[in-house]
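Let me begin by presenting the structure, written as structure tokens, before commenting on it.
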Amino acid sequence: MPEPYDPQKIEPIWQEYWARERFAAADTTAEKDLYMLMMFPYPSGDLHVGHGRNYILGDCLFRMFLMQGRRVLNPMGWDAFGLPAENAAIKRSIHPREWTLSNIERMKRQFRVWGILYDWDKEIASCEPTYYRWNQWLFVRMLERGLAYRGKSPVNWCSSCKTVLANEQVVNGGCERCGTTVVQRDLEQWFLRITAYADRLLEGLDRLEDWSEKVKVMQRNWIGRSEGAEFTMRVEGRDDVEGFSVFTTRPDTAFGMTFAVLAPEHPLVGAVTTPDRRAEVESFVERVRHQTEIDRLSTEGEVSKRGVFTGSYAVNPFTGRPVPIYLADYVLMSYGTGAIMAVPGQDQRDWDFATAYGLPIVRTVQPPEGWEGQAYVGDGPAINSDWLNGMHKAEAIARATAWLEEQGIGKGKVNFRLRDWLISRQRYWGTPIPVVYCDRDGIVPVPDDQLPVVLPTDISFGAVEGNPLAHSPSFLAATCPKCGGPARRETDTMDTFMDSSWYYLRFVNPHVHDRMFDVDRVSDWMPVDLYIGGIEHAILHLLYARFINKVLHDFGMVPDDEPFTVLFNQGMITAKSATSGKLEKMSKSKGNVVAPDALIARYGADTERVYTLFMGPPEKECEWTDDGVAGAHRFLQRVWAHQDVVAAAAGREGDAGADARLHVKTHEVTKRVHDDLGRYHPNTASAAMMELSNAIGEAAERASEGALRTAYDTLLRLLHPIAPHITEELWRALGHDGSLLRAGWPTFDGELLARQQVTLAVQVNGKLRTTIQTAPGLDAEAAGALAHEAAAKWLDGKEIVKVVHVPDRLVSFVVRG
RNA sequence: GCCGGAGUGGCGGAAUGGCAGACGCACGGGACUUAAAAUCCCGGGACCCUACGGGUCGUGUGGGUUCGAAUCCCACCUCCGGCACCA
């Protein structure tokens with residue numbers, strides 16, 4: 001009698017074996033075959049079953065590829081810089097590095113317990129100087145080419161804590177720690193010029209055929225390309241003021257401009273404010289400065305309190321008439337020119353504003369008959385527009401733009417919503433930005449031979465507010481690389497998205513230490529063939545990574561300008577929230593996490609893997625249920641018990657019919673598993689394997705030993721990617737040597753499947769009436785005759801108008817009478 | 001508001017123009033057991049009829065295309081996600 005199924009006992013043995021035999025090691029000096037990658041995680045410590053979905057799916061595919069004999073690079077590493085480590089340091093007086101490294105160990109252990117294989121020889125952690133050194137090197141290269149620059153940006157500032165806050169740290173307009181009202185403050189910050197790549201980032205999306213439409217649309221929205229025109233307006237009666245530019249997507253409506261609006265931060269605000277309006281304008285500007293951008297952009301609030309008249313007028317160049325200049329909080333300095341022409345007839349916001357301030361409204365596009373709305377944004381003939389009258393939108397836009405150019409006051413212009421990437425962080429636990437400030441030479445990049453600029457260790461966390469680096473004398477003191485004089489080191493560190501923007505290149509050859517990566521090897525192994533990760537990275541990480549990859553492509557270091565050929569976004573795992581009672585994403589704060597430890601102690605990792613992959617298609621969100629887990633475990637119990645079936649059949653001749661049925665089922669299931677895993681549907685692949693298992697159970701008493709053995713043998717191989725431990729154990733119990741990972745992937749006999757009897761559906765007037773079993777490949781005549789006989793009851797006395805025959809699927813009679 | 005995705009038994013889901021509900025969960029019945037658990041077997045879309053058979057309806061709603069629609073088209077409803085005074 002064999003032993004009962006005891007995952008506790010067998011799983012650690014196989015985990016040890018796989019690690020010892022280095023099954024996942026990939027030789028990247030050899031020619032490329034396949035590069036698959038899971039988004040590398042932030043090492044936050046504990047992983048729950050929701051996190052598992054991603055890694056288990058990846059491991060399932062990886063094991064299948066290995067069994068198919070492919071050479072696969074499947075590395076793992078750590079996005080190891082970031083705020084939580086620093087907060088932990090402040091709270092528990094533990095260095096961020098120690099905290100991070102111990103979390104990494106915990107997570108590696110979790111991967112091992114899940115039975116997940118990675119090529120750990122390629123492991124990287126972005127917090128190591130051997131890694132972040134190349135962030136710095138890349139930054140200097142970008143600085144040299146003008147792709148990195150220092151500029152002013154409004155940021156959230158808490159005057160009490162004397163620090164910049166992330167948007168997430170601003171709660172109801174106040175600092176989350178002390179409650180002080182947060183103000184917008186212009187600070188010098190480092191930027192990367194991602195806007196220079198806006199058009200290419202947009203264009204590249206069209207070539208990413210194997211990315212979901214959803215992600216591509218999200219990126220397109222984020223980049224936000226809009227075509228229009230820019231032109232200058234004079235300020236009436238003020239030859240001392242240069243005038244200001246406005247951007248519009250509707251130059252065709254300019255005859256209807258009845259006022260103009262500047263952003264409150266616009267440099268011209270002081271100049272155009274007349275003395276009698278000064279007090280009111282200043283108090284308005286002051287109030288806006290105290291709003292966070294989020295408040296400002298919210299659609300809440302009284303329109304009548306959102307703007308103020310400056311006292312000056314601009315001249316509408318189309319009509320030559322003056323229009324009042326207002327300020328309004330909803331006009332943003334960071335988009336377009338920070339100033340707009342307002343055309344209430346064709347823009348609803350302008351309509352609302354005009355109504356609230358008693359400004360005139362002139363329609364310049366004829367709305368359709370019966371139009372009862374306010375602003376009309378659709379197409380129609382131009383009216384009240386002099387030489388544009390009668391033209392439709394597209395033509396009128398072209399004419400108006402051409403006119404602006406003729407007049408020398410404007411031109412066609414493309415604007416983007418995308419802004420340059422602000423990478424400065426006033427934090428310790430990140431890559432130091434490698435520049436020094438010299439009184440004589442200004443901003444000087446640190447020369448390559450002095451990289452990396454290493455994070456200092458003489459830091460006491462929480463002792464001072466703000467960035468600890470700014471209080472480290474050893475770090476601050478530097479020598480100017482140009483003049484040799486004393487200089488002050490930059491204390492900002494880089495956004496951690498910089499780290500994750502090129503790590504996939506480093507994985508190919510992480511032990512090269514004199515270069516960012518080996519260009520030859522990377523040219524061979526890139527792009528990543530399959531990239532798996534959560535939808536939450538749809539914009540930021542994936543846009544930044546595409547940007548940096550394009551930059552490196554332009555530097556001649558990377559062959560392709562898009563880094564990820566196929567993107568697979570897995571859906572979230574949800575569970576009933578303890579707080580809201582609704583289905584929500586599994587997370588600590590919702591109190592609905594299922595920890596793997598207890599689950600694995602009770603059922604084993606294979607059960608968690610089977611359930612995770614079976615519960616639904618991996619790209620969709622899915623609810624975790626304990627009952628479902630129990631069902632997955634029962635399936636594995638049955639697979640385990642089938643070894644007795646094979647043993648009990650020893651020497652049996654068996655029933656030929658039962659053998660044949662089992663044989664066909666085996667091939668059919670092999671094909672389905674092959675197809676389903678190929679399209680990333682382990683859920684239906686699992687269902688097929690359950691059918692094969694059930695078929696073995698049904699044939700247990702009648703089939704021959706050989707047939708049962710072959711079916712079981714195939715089941716174990718097909719099931720290995722999903723439940724690796726139990727299948728290895730059973731494989732050995734069946735008398736095989738070595739690992740299933742080297743046992744080959746089952747193949748199916750397509751001819752055999754094609755020879756099987758088929759079931760033809762027989763329809764009369766579209767209704768299914770009966771089905772018939774026939775040999776495959778019958779022609780229309782033969783199939784029609786058989787079907788006619790079978791459906792005689794419904795065809796008697798009727799005139800057959802038409803017969804539709806779909807080979808091996810159905811025969812459909814259309815009758816009359 | 002705009003853009004994407006989705007709506008199928010009690011539940012997770014399967015089927016992407018051709019037998020709706022594979023597979024699993026939950027449930028009901030039976031076997032085994034002193035009993036229970038575990039395990040195994042059987043049954044489950046709804047309604048109707050002259051009931052070991054047969055019929056009608058059925059994939060969010062309403063229409064359309066087709067011999068045939070969960071699947072394609074049009075309109076609408078609901079839910080989820082993204083963007084949102086972006087000029």
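Predicted model, so just to flag it, every value in this text is computed and none were measured. Chain letters run A, B, ... following the sequence lines, proteins first, then strands; residues in each count from 1.
For A:Ser212 and B:G4, the shortest distance from a side-chain N or O to OP1 or OP2 is not below 4.0 Å. Between A:Arg634 and B:A38 there is no side-chain polar atom (N or O) within less than 4.0 angstrom of OP1 or OP2. One finds a side-chain N or O of A:Asn694 lying less than 4.0 angstrom from the OP1 or OP2 phosphate oxygen of B:G24.
Remark: the separation of the P atoms in B:G30 and B:G17 is 45 Å, to the nearest Å. Separation of the C1' atoms belonging to B:G58 and B:U71 is 16 Å when rounded to the nearest angstrom. Spacing between B:G21 and B:A70 at atom P, rounded to whole Å, works out to 12 Å.
No salt bridge links A:Lys393 with A:Asp252; every basic N to acidic carboxylate O contact stays at or beyond 4.0 Å.
In the model, A:Asn694 has no side-chain atom that pairs as donor or acceptor with a side-chain atom of A:Glu698 under 3.5 Å.
Comparing A:Thr771 and A:Met341, the nucleotide of RNA chain B nearest to each residue sits closer to the 5' end for A:Thr771. Annotation: of the two residues near RNA chain B, A:Gly766 and A:Arg250, the 5′-most nearest-nucleotide partner is A:Gly766.
Residues A:Phe309 and A:Tyr357 keep their aromatic ring centres 6.0 Å or farther apart. Ring-centre distance between A:Phe813 and A:His805: not below the 6.0 Å cut-off.
Considering only the side chain of A:Leu332, B:C86 comes nearest among B:A26, B:C86, B:C83. When distances run from any side-chain atom of A:Ala761 to the nucleotides B:A87, B:C19, B:A26, the shortest one goes to B:C19.
The base of B:G5 does not come close enough to the side chain of A:Glu213 for any donor and acceptor atom to sit less than 3.5 Å apart.
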